Amino acid sequence: MPVCSSCGYQEEYNFCRMCGTPVKYQFNENQVLSFHQLKDRIITDNMRDLITVVDQHGHLIYNSPSHLSVLGYLPTEEGQSLNFSVIHPNDIDQIRHKLNQVFSLKVEMSAEYRLLKDDGSYIWVEGRGIPSVKDNQVTYVVITARDIQARKEAEEHLKQSEIRHRLILSHTHDLICVVGIDGCYEYASPSYQYTLGLLPCSLIGKDVLLHVHEDDHTKVATGIENMKLTKTASTFHYRNLHANGTSILLEGKGVPIVNDGKVEGFVFVSRDITEQRKLEEMMRNAEKLSAIGELAASIAHEIRNPLTTIKGFLQLFSEEYQSAQDIAYRRMMQSEIDQIEQIVNEFMSLAKQEVRPYEPIDLLALLKDVTKRFSQAFIHQGIKVVYEYNTAHGNFVIHGQPHQLKLVFIHVIQNAIDAMPLGGQITVSFNKINQQHVTIQIMDNGCGMDADRIKKIGQPFYTTKEHGVGLGLTICNKVILEHKGTLSVTSMLQEGTTIDVMLPITHVEANSILMLKTPTS
C-alpha cells in the first residue's frame with residue numbers, strides 16, 4: 001500500500017486524504033505512474049463515453065469501464081482481437097471499412113453504428129477513430145463512442161412526424177402556404193396544382209398577391225397587415241385566379257408565426273368554397289321557390305275562378321255588330337286576360353307537386369321533337385339548328401318525366417330564338433361524362449348578356465323581356481334539380497348565350513332501347 005511522502009499516512013487512493021498530497025502508485029515493480037498519468041487514467045476510467053484502444057494489429061490495449069455501465073459487459077479482453085460480433089450485422093462492413101481507412105490513410109474517421117447490450121437489444125453510438133502516428137506508422141488507434149440512442153429515437157420520431165405531415169399536405173385539398181414577412185411565398189402545398197393549376201415550385205419567392213383577384217388585393221393586404229399588428233389569426237374570403245384565367249372563391253385563415261414576440265411570417269390555410277356558395281345560392285332559390293309555391297297554391301284557385309268567368313262572358317260578345325273601337329278594346333282585354341292566365345299557369349307550375357313515375361327518355365329524340373315545334377319560327381327568322389354528338393357514345397338515355405323536360409327545352413329554345421331576331425345559329429351538343437352523366441349544351445350566337453344580368457339570371461321575377469314574368473328559367477332550374485341534374489348559364493354580350501344541362505344517365509340493356517317512349521307532338 002502506498003505511503004504519503006509528506007505525512008507518512010498509508011493511502012490506498014491516488015491522493016492522501018490527510019494532507020491532499022498526490023501519492024505515487026506502484027503498478028509493477030518497474031513502473032511508476034506520475035501524477036499527470038494518474039490524472040489521465042482517472043478521467044478516462046470515469047468517462048461516460050466508450051473508449052477502446054487497439055494496436056496496429058487490431059489487438060485490444062484498453063477498454064474503458066464505461067462499457068460495463070452502458071453495455072453491461074466488456075466486449076473484448078485486453079490482448080485479444082476486436083470483437084466485431086457485438087456490432088449490429090448491418091453495420092459491421094461499414095466499421096471494418098472505416099477502421100481500415102484509419103490505419104491505411106492515417107486519418108481520423110467517424111461513423112454511427114449499433115452495439116449489442118447484455119439484454120439483447122442494440123443502442124446507437126457515434127464512434128470516432130483517432131490514429132496515433134509515429135515514424136509514419138500507426139502505432140495504435142483510440143476509438144471513442146458516445147451513446148446517441150436518445151438522439152436517434154428523437155430523429156426517428158421527427159422523421160415519422162414529418163412523413164405523416166407531408167402525407168397530409170400531399171393529399172389535402174386545402175391550399176396551405178407559408179408566407180414570409182416580406183409577403184412572398186416560402187412554401188406552397190401540392191394542392192395548388194390541382195386546385196388552381198399552379199405549380200407550387202413556381203410560386204416560391206413570388207408575391208402572395210400575384211394570383212389574387214385584383215379587386216381583392218386590398219382585402220388580403222389589409223388582413224395580413226392586421227395579423228402583423230395584432231399577432232392573432234384572421235379569416236377572410238377572397239378570389240384567387242386559376243391558371244386558366246377563371247376565379248375561384250376561397251375562404252382563407254391566416255396564422256402569424258411569432259418568435260420572441262416578433263412576427264416572422266404567416267401560415268395560410270385556404271379552402272375552395274365556390275361550389276359551397278353555389279349550393280347556398282341554390283338553397284336560397286329553393287326557399288324562394290317554396291315560398292312562391294305556397295303563395296301560388298293559396299291564390300291561384302281564387303284568381304282562376306273569376307278569370308274563367310270573365311273569359312267566358314268576353315267570348316260571348318260577337319265582333320260582328322261591334323264598332324272598330326269596341327273590337328280593339330275587346331281584343332286588348334282578351335290579351336291582358338291571356339297574360340294573367342299565363343302568370344297563373346307559371347305560378348301553378350311552381351306550386352304543383354306532380355307525382356308521376358319516371359320513365360326512360362331518349363334525350364336526343366326529345367330535343368329533335370322540341371326543335372320541330374319551332375320549324376316555322378326558324379324559317380321566318382333565318383335561324384339554323386345544328387346537332388353535334390358522337391354516335392360512338394350510343395344512346396343518350398335518362399330516367400325522367402318527358403313532359404317536364406320538354407317544357408324546359410322549349411323555354412330554352414324560345415329564349416335563343418328571341419335573342420336572334422336577325423337570324424343566326426343554334427347549336428345543340430350532346431356528350432357523356434365518365435358514363436355517369438350526359439350534358440346537353442344549347443348555344444346561340446345572339447345578342448348575349450353582360451355580367452350584371454348573368455348574375456341575376458334564374459332569380460324569380462327577373463326578366464329582360466318586355467312582357468316576361470321572370471319565372472321561366474326559375475321553373476327550368478326547378479325541373480332539372482328534381483331530376484338530380486344541374487343547369488348553368490354563360491353569356492357574352494354581342495356574342496351569344498350557352499345553356500348547359502347535366503343529367504344522370506340511365507344504364508339500359510342494348511335491346512331495351514326499342515321500348516323507350518319517344519316524345520311525340
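These numbers come from a predicted model, not from an experiment. Values below: every heavy atom of this structure, side chains too, minus hydrogens, waters and symmetry copies.
- D93 and H97 share no donor-acceptor pair across their side chains, judged by distance under 3.5 Å alone.
- Not counting sequence neighbours, the partners of H211 by the side chain to side chain contact (heavy atoms under 4.5 Å, CB included) test are L198, L203, N240.
- Side-chain atoms of H242 come within 3.5 Å of backbone N or O of N244 as a donor-acceptor pair.
- In this structure, CD1 in I410 is found 12.0 Å from CG in N415, a value given to the nearest 0.5 Å.
- Evaluation of the side chain to side chain donor-acceptor pair (under 3.5 Å) test over residues 439-448, restricted to residues two or more places apart or in two chains, returns Q441-D500.
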Please determine whether side chain to side chain contact (heavy atoms under 4.5 Å, CB included) holds for the pair S488 and T486, giving the CA-CA distance in whole Å, both sets of side-chain angles, and the decisive distance to 0.1 Å. CA-CA 7 Å; S488 62; T486 61; over 6 Å; no
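- Across all non-hydrogen atoms, the minimal contact from K98 to S110 is NZ-O, 3.4 Å.
- The nearest pair of heavy atoms linking A243 to G197 is CB-O, 3.3 Å.
- F396 meets the ring-ring contact (aromatic ring centres under 6.0 Å, His included) test with F430; sequence neighbours excluded.
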I would like to know whether L250 and I273 meet side chain to side chain contact (heavy atoms under 4.5 Å, CB included); could you show each step before the answer? CA-CA 6 Å; L250 300 175; I273 59 170; 5.8 Å; no
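- A salt bridge does not link K152 with E156: none of the charged nitrogens is closer than 4.0 Å to a carboxylate oxygen.
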Pairs under 3.5 angstrom only: tabulate donor-acceptor contacts from the side chains of residues 217-225 to other protein residues two or more places apart or in another chain.
from : atom 1 : to   : atom 2 : distance (Å)
H217 : NE2    : L209 : O      : 3.1
H217 : NE2    : V212 : O      : 3.0
K219 : NZ     : H237 : O      : 2.9
T222 : OG1    : T218 : O      : 2.7

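- In this structure, the side chains of E112 and W124 come closer than 4.5 Å at one or more pairs of heavy atoms.
- In this structure, the separation between CD on E214 and CZ on R239 is 10.0 Å, given to the nearest 0.5 Å.
- In terms of heavy-atom proximity, T497 sits nearest to S491 at OG1-OG, 2.9 Å.
- With H483 contributing its side chain and Q404 its backbone, the two residues share no donor-acceptor pair below 3.5 Å.
- A search for ring-ring contact (aromatic ring centres under 6.0 Å, His included) contacts involving Y387 returns nothing, not counting sequence neighbours.
- Of all non-hydrogen atoms in S191 and I176, the two that sit nearest each other are OG-N, 4.3 Å.
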Indicate every side-chain donor-acceptor pair of residues 265-272 with a distance under 3.5 Å to a residue at least two apart or in another chain.
from : atom 1 : to   : atom 2 : distance (Å)
S270 : OG     : Y238 : OH     : 2.8
R271 : NE     : D174 : OD1    : 2.9
R271 : NH2    : D174 : OD1    : 3.4
R271 : NH2    : D174 : OD2    : 2.8
D272 : OD1    : T274 : N      : 2.9
D272 : OD1    : T274 : OG1    : 2.7

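- Residue K262 holds its NZ atom at 13.5 Å from CD1 of I257, rounded to the nearest 0.5 Å.
- Nearest approach of V263 to P256, heavy atoms of both residues: CG1-CB, 4.2 Å.
- Proximity of V255 to M227: side-chain heavy atoms (C-beta onward) are nowhere separated by under 4.5 Å.
- Interatomic distance, CD1 of I123 versus CG of D147, reported as 4.0 Å (0.5 Å rounding).
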Candidate pair L196 and I248, rule side chain to side chain contact (heavy atoms under 4.5 Å, CB included), full reasoning: CA-CA 8 Å; L196 296 175; I248 295 177; 3.8 Å; yes
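- Judged by distance alone, with hydrogens and angles left aside, the side-chain atoms of K372 form no donor-acceptor pair with the main-chain N or O of K368 at under 3.5 Å.
- At distances below 3.5 Å, at least one donor-acceptor pair connects side-chain atoms of T371 with backbone N or O atoms of L367.
- Side-chain atoms of Q381 come within 3.5 Å of backbone atoms of I417 as a donor-acceptor pair (strictly under, hydrogens ignored).
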